[in-house]
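Report on the structure given below.
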Amino acid sequence: MKALLRTPLAFLWNMLLVYLVYGLCRIVYWAENASAFEGFWSHNALRDILAGAWKFDSSAILYTNVLYAVMMLIPLHWKEGKRWQCAAKWLYVVVNGLAVVINLADAAYFPYTGRRTTTTVFREFSNEGNLGGIFAVELLRHWYLVVAGVALIALLWKAYRRGGSEGRTTLPAVAYYLAQLICFVAYIPLTIIGMRGGATTAVRPITISNAAQYVARPSEAAVVLNTPFSLLRTIGKSVFVTPKFFESEAELEAAYSPVHTPAATFAEGDSLKRRNVVILIVESFGREYIGALNETLEDGHYRGYTPFVDELCDSSATFRWSFCNGRKSIDGMPSILSGIPMFVEPFFLTPASMNEVGGVAQALVSKGYETAFFHGAENGSMGFQAFARKTGFQHYFGRTEYNADARFDGDRDFDGMWAIWDEPFLQFYAQKMSELKEPFMTAVFTASSHHPYQIPEAYRDTFPEEGIVIHKCIRYTDHALRRFFQTARRQPWFRNTLFVLTSDHTNLSDHAFYQTDIGGFCSPILFYDPSRELILPGRRPAIAQQTDILPSVLGLLGYDRSYVAFGCDLFHTPADSTWAVNYNNGIYQYVKHDLLLQLDGTSGKAHALYELSDSLLQHNLLGLREEQPQMERELRAIIQQYMSRMNEDRLTTE
């Protein structure tokens, strides 16, 4: 009997070996990001972790090893030959070795996204020509992951058990074919069950969002998942699925509508305040790094890394809580400039990006503004140029335009990886705005506080390594912002300008709060009016998010037309009615009334409820606060409005 089943038994051994390797990859993934998963093993049940890991690993392993399974189980005698078995081994090692590489590479990428990588990553970087350099830097920086990968692939090779027999002719033909057929037929339903994640008719094929049920916190879903599964489950999938939380449009509109009608806010006859608008989107400039926004951090002794922005905060309108709506650079632009948060996948990378989309630039162009977008990277990088043009920016100034300006040093100011260094590019930005016709609306996206975390050679001694690797870059960018405002103050347009400063997303952290599910979304949002005629400086008790920037700017200017934005006017909305929303590994997070609600976007069921004062999210108050039902209703309405408008091309009011 053993001789009859030699190849199927070898196949079983080899598949179990893959499960072991996936498990070891998961341990490496967790260890590489242990600071982000603090307390993971204490507040999650081991049985839940193992159940989730088994489910997602089974799906990925069975999908990726389909051809190998056929080669080993097909009930034909020639699979026993040495050449066939040798080919099967190579297929097995290559396929599963690639899975090892993908899993371990994603361990290094997690700090920048807070989740497992999906197929949108290929579209995200499709226009970048510097990926080879980035990969080289990361290989050196994470050499131990390379060693781990080599060791695991070697394990696959060495521990592999070869099938085949000394010769099928020595075996009874009927018994041989019957045994092989039974194994092959039995494998088919088992693999279908494993791929789907369950056997009952009520079970739909598992998706990324299912991982949240096995962990206490959404960010921890990344540990239960594996990257091959995340990639496979997002190939060609419909990103936006409209839920049916509300049956009628009237009921949905009553719960929440993203349509703003400013005419109802402003007195009849008010005219547009023709102020220039300058929006600074600062790469990776998380709220954590700003001392002025963290008075209680480190028992009040925290100073941060942004002395200039600390000064700017004193002259600006800031908010008790402020959040970004995504975790990637390509999430920032739609949120900040068009009021579109990141739900499920970056808006840029979904079919909905072809919809009609409005934004602050488009709104102000209709009022006679000149508009321009600035980004010091290669023109077309990250899809920023296309999105800027689509949303109403008349001019685009990138690395090409910087190089063509004889006042500056061209590519001598290139950082060698991404873009022109922040200091010279922000000077270029200030000078070019003086060439625009007022009133103008501009936005700039900086680049230097970004992987691989380098600063110009001239500043190596001025801003030495300290804390974590990004801190010196934050200090350099803060210096670049100081120089920008020094130049801007000398321009004739300065006092007639409303400045907004925020970050595209957060980044590396060395404080526990900023590594929590909601702490990882804490971005600064500052409104600075040099004239103090539109707004006065001071900390407001409101909750702010990036998608509030569009309605707040238009509200301050007195814009009188309707538009769509998933945010509120922070200066004409009571503080207790302000809110923030973001998406975290299948869980939607809704902040309101100093509470954080976490809700499963598929089922619409509440996952957890925390007070924001519970900084480490240790006390789940689900079912204990009277605000919860209304918060759930509002969040479901936001999700359904978002999905239906994406699918029906209703992101504008025209």
Side-chain angles (χ1 to χ4, degrees), residues 209 212 216-218 241-261 264-265 319-325 335 339-344 516-519 521-522 540-548 551-552 555 564-584 586-615 617-645:
S209 62
R217 298 172 180 172
V241 178
T242 303
K244 297 296 181 183
F245 300 139
F246 298 85
E247 291 298 329
S248 72
E249 188 68 19
E251 185 185 9
L252 176 61
E253 290 288 323
Y256 171 76
S257 173
V259 177
H260 295 253
T261 53
T265 305
F319 306 90
R320 182 180 180 188
W321 298 101
S322 54
F323 301 97
C324 54
N325 297 101
S335 299
I340 300 173
M342 193 290 284
F343 286 176
V344 185
T516 64
D517 291 334
I518 195 63
F521 288 88
C522 287
R540 286 160 168 72
I543 296 166
Q545 59 183 326
Q546 290 171 332
T547 54
D548 295 334
S552 298
V564 173
F566 288 83
C568 64
D569 178 348
L570 292 166
F571 301 101
H572 297 91
T573 302
D576 195 49
S577 296
T578 56
W579 52 275
V581 66
N582 46 61
Y583 177 88
N584 189 1
I587 298 296
Y588 290 86
Q589 302 191 131
Y590 186 50
V591 179
K592 194 174 185 180
H593 309 304
D594 287 336
L595 293 170
L596 165 64
L597 172 69
Q598 295 179 332
L599 182 138
D600 186 310
T602 302
S603 67
K605 294 181 179 178
H607 182 81
L609 183 73
Y610 301 98
E611 291 184 345
L612 289 179
S613 59
D614 179 11
S615 61
L617 308 183
Q618 296 174 314
H619 307 289
N620 190 345
L621 304 177
L622 200 64
L624 301 179
R625 293 293 295 266
E626 63 181 11
E627 300 93 339
Q628 181 183 326
Q630 182 61 23
M631 288 179 68
E632 288 185 32
R633 177 178 171 81
E634 291 169 358
L635 180 52
R636 293 188 191 108
I638 292 169
I639 296 168
Q640 187 164 329
Q641 283 277 15
Y642 184 96
M643 298 300 173
S644 65
R645 288 177 178 274

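These numbers were taken from a predicted model, which means no experiment stands behind them.
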Min side-chain heavy-atom separation [X]-[Y] under 4.5 Å:
X      : Y      : answer
Asn582 : Met342 : no
Tyr588 : Ile639 : yes
Arg633 : Phe246 : yes
Ile518 : Phe323 : yes
His607 : Asp600 : no
Gln630 : Glu627 : no
Val259 : Arg645 : yes
Asp569 : His260 : no

Non-hydrogen atoms of [X] and [Y] that approach each other most closely:
X      : Y      : answer
Phe245 : Gly601 : CZ-O, 3.6 Å
Ala544 : Ala580 : O-CB, 4.4 Å
Ile587 : Gln598 : CG2-CB, 3.6 Å
Pro341 : Tyr642 : O-OH, 2.8 Å
Phe343 : Met643 : CB-CE, 4.2 Å
Lys592 : Met631 : O-CE, 3.8 Å

Legend entry - Short side-chain donor-acceptor distance under 3.5 Å, Ser257 and Glu253: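 Yes - a donor-acceptor pair under 3.5 Å links their side chains.
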Inset, instruction - Answer with yes or no whether the side chains of Gln641 and Tyr256 bring together a donor and an acceptor at under 3.5 Å. - result: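 No pair is found: no donor N or O on one side chain lies under 3.5 Å from an acceptor on the other.
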Measure from the side-chain N and O atoms of [X] to the backbone N and O of [Y], and report whether any donor-acceptor pair falls under 3.5 Å.
X      : Y      : answer
Thr547 : Ile340 : no
Asn325 : Val581 : yes
Ser552 : Leu570 : yes
Asp614 : His619 : yes
Asp548 : Cys568 : yes
Gln628 : Leu609 : no

Inset, instruction - Look at atom CZ of Arg540 and say whether more than 12 heavy atoms of other residues, nucleotides or ligands are closer to it than 6.0 Å. - result: yes
Legend entry - Within 6.0 Å of CD in Glu626, more than 12 heavy atoms from elsewhere: no
Rounded to the nearest 0.5 Å, what separates atom [atom1] in [X] from atom [atom2] in [Y]?
X      : Y      : atom1 : atom2 : result
Glu634 : Tyr590 : CD    : OH    : 3.5 Å
Thr578 : His593 : OG1   : NE2   : 9.0 Å
Leu635 : Glu632 : CG    : CD    : 8.5 Å
Thr516 : Leu617 : OG1   : CG    : 4.5 Å

Inset, instruction - Let me see the working for Trp321 and Val591 under side-chain contact (heavy atoms from CB on, under 4.5 Å), right down to the final yes or no. - result: CA-CA 9 Å; Trp321 298 101; Val591 179; 5.6 Å; no
Legend entry - Criterion side-chain contact (heavy atoms from CB on, under 4.5 Å) on Leu595 and Glu611, from CA distance to verdict: CA-CA 4 Å; Leu595 293 170; Glu611 291 184 345; 3.8 Å; yes
Legend entry - Residue that, paired with Tyr610, satisfies side chain to side chain contact (heavy atoms under 4.5 Å, CB included) out of Asp594, Asn620, Leu621: Asn620
